[in-house]
2 protein chains.
Amino acid sequence: MATKSRIKTEARPTSTVEQYIKVIFSQQERAEGEIVGMKQLADAMAVTPGTATSMVKHLSARALVDYTPRKGVLLTATGRKLAVTMIRRHRLIETFLEQVLGYDWTEVHEDAEALEHAVSERFIERIDTYLEYPQTDPHGDPIPDSSGAIERRLSVPLDRCSEGDQVTVVRIGDEDPEFLILMKEHMLTPGEVFLVTEINPTAGTLSVCHIESKALFTLGLAAGARILVAPIH
Amino acid sequence: MATKSRIKTEARPTSTVEQYIKVIFSQQERAEGEIVGMKQLADAMAVTPGTATSMVKHLSARALVDYTPRKGVLLTATGRKLAVTMIRRHRLIETFLEQVLGYDWTEVHEDAEALEHAVSERFIERIDTYLEYPQTDPHGDPIPDSSGAIERRLSVPLDRCSEGDQVTVVRIGDEDPEFLILMKEHMLTPGEVFLVTEINPTAGTLSVCHIESKALFTLGLAAGARILVAPIH
DNA sequence: ACTAAGACTTTGACGCATCAAAACATATAA
DNA sequence: TTATATGTTTTGATGCGTCAAAGTCTTAGT
């Protein structure tokens, strides 16, 4: 595809590489720095384990990951830097789609996913300026700054709170529109304040009460794990 | 690359296919519906003729072009529709980059080229709305509406004017930033009014005078062919 | 300690988009 | 009409990203 003028086009990773790196990063996050196995990675990328293995070798050759055969991968410093760049892109694009183009919070993810592999650095810097350097995206996730620094938010999954806790919603995972729509219906959006009224490990449910509207809502513990909150002291 | 959930993802053409179709369309335009040869196409796509041949067979199998071996290709109705869709995307994106993100007229093309293959239809409709349905892009090219209708502008290449003609600049081809920067320096931008002061076929030059500033500018006839103007009666 | 279950790797294949180089066709000029 | 130049097609190869299936290693369970 027409990459004309051979004046040293400084190679950007393919979008596949970018995607793997992002996924490895989030797996690593989710598991607190644990090494990421091939099955896990393959599942997250929706490919077969063999594909994951060969791709990981490739990433390893590019010095983006450390690969220990039969164990798994960890990002190198370079890989981590790329991951953070991608996350910055993704979150800025999501914010832009919501704030400027009027996308709904629940439909922003898919388009951002496609755009993040196509936009130039110039584009990203322009929207960052346009939005006046936003701190978080529509889901409440922090946006790394252009040097790659991420503001670490202290927050806990909703299912690890105790009955009687009063909490502010910090973030809600951004993958599944269905889930997001449901959460939105019950006002579970970043910034809203709730009281944890019941945790029932036997039934596998937890209930919260929206302070402002007094509305009650019960959800599964697994769903609760996808919602991060900050306790109010 | 993770095209999960096999629920009939209605296949969008690859970006390569989109690119070929766009190029065939513009070659056809430029030559008033003449059949497009493989050399011509290969040059425009910056690939070898063999690549163009095999790609064209593929396009033909997808019913996007009519291919006559050893003669060339022409777009089918389907191909034309896709081409117009791509042109709409490209021009809306260019307009958006200029109007909203503050890109300069001269730097808009490259990013638009990358984005047009990544954006969703939703994205395009949102920016169209946001921009309030612009008629032309920053280069003065008409933007097809969502049904695919293009407003035909009557205009002639600057090099086909006569001495003494007074003209308004309608459009300036958008590929080459170098060229655009030079034109901009001399106020040759859409909407500006000029007087054609001299046409010299022997020297291969033409001179124009910017009405407002009285500035004179001489350029080659080939360059003149890239500038479309509307004569003022 | 042995074995079965899972995780992991290898191998061979495929589709897309490309290239180089060889073979072929056509048009024009001599 | 023949020769040459130019454009076109074919062929065989490559890199990327993928799969299926076969083979290998590791780990737990008894």
Heavy-atom count check: over 12 atoms from other residues, nucleotides or ligands less than 6.0 Å from A:Arg122 CZ?
yes
Which of B:Arg171, B:Glu94, B:Arg91 passes side-chain hydrogen bond (donor to acceptor under 3.5 Å, both in side chains) with B:His139? It is B:Glu94
When A:Asp137, A:Ile124, A:Ile87 are each screened for side-chain contact (heavy atoms from CB on, under 4.5 Å) with A:Leu92, the one that passes is A:Ile124
Can a side chain N or O of B:Thr14 be found less than 4.0 Å away from OP1 or OP2 on C:dC16?
no
Using the C1' atoms of five pairs at each end, what's the angle between the two axes of the helix from C:dA1-D:dT30 to C:dA30-D:dT1, to 10 degrees?
20°
Taken to the nearest whole Å, CG/B:Leu41 to C1'/C:dA17 is 14 Å
Return the value, rounded to whole Å, for the distance between atom NE2 of A:His117 and atom C1' of D:dG17.
14 Å
More than 12 foreign heavy atoms under 6.0 Å from CD of B:Gln135: is that the case here?
no
Check A:Lys22 with A:Glu113, please: is the shortest side-chain N to carboxylate O separation under 4.0 Å?
yes
Just compare D:dC19, C:dA17, C:dC16 and give me whichever is closest to any side-chain atom of B:Arg62.
C:dC16
C:dT10 P sits how many Å from A:His58 NE2, rounded?
16 Å
What does the B/S/- profile of nucleotides 5-12 of chain D look like, 5' to 3', with a 4.0 Å heavy-atom cutoff to protein?
--BBBB--
Just wondering, more than 12 heavy atoms not from B:Glu110 lying within 6.0 Å of its CD?
no
With heavy-atom distances below 4.5 Å as the criterion, would you say the side chains of A:Cys161 and A:Val156 are in contact?
yes
Are any of the side-chain nitrogens in A:Glu116 or A:Arg88 under 4.0 Å away from the carboxylate oxygens of its partner?
no
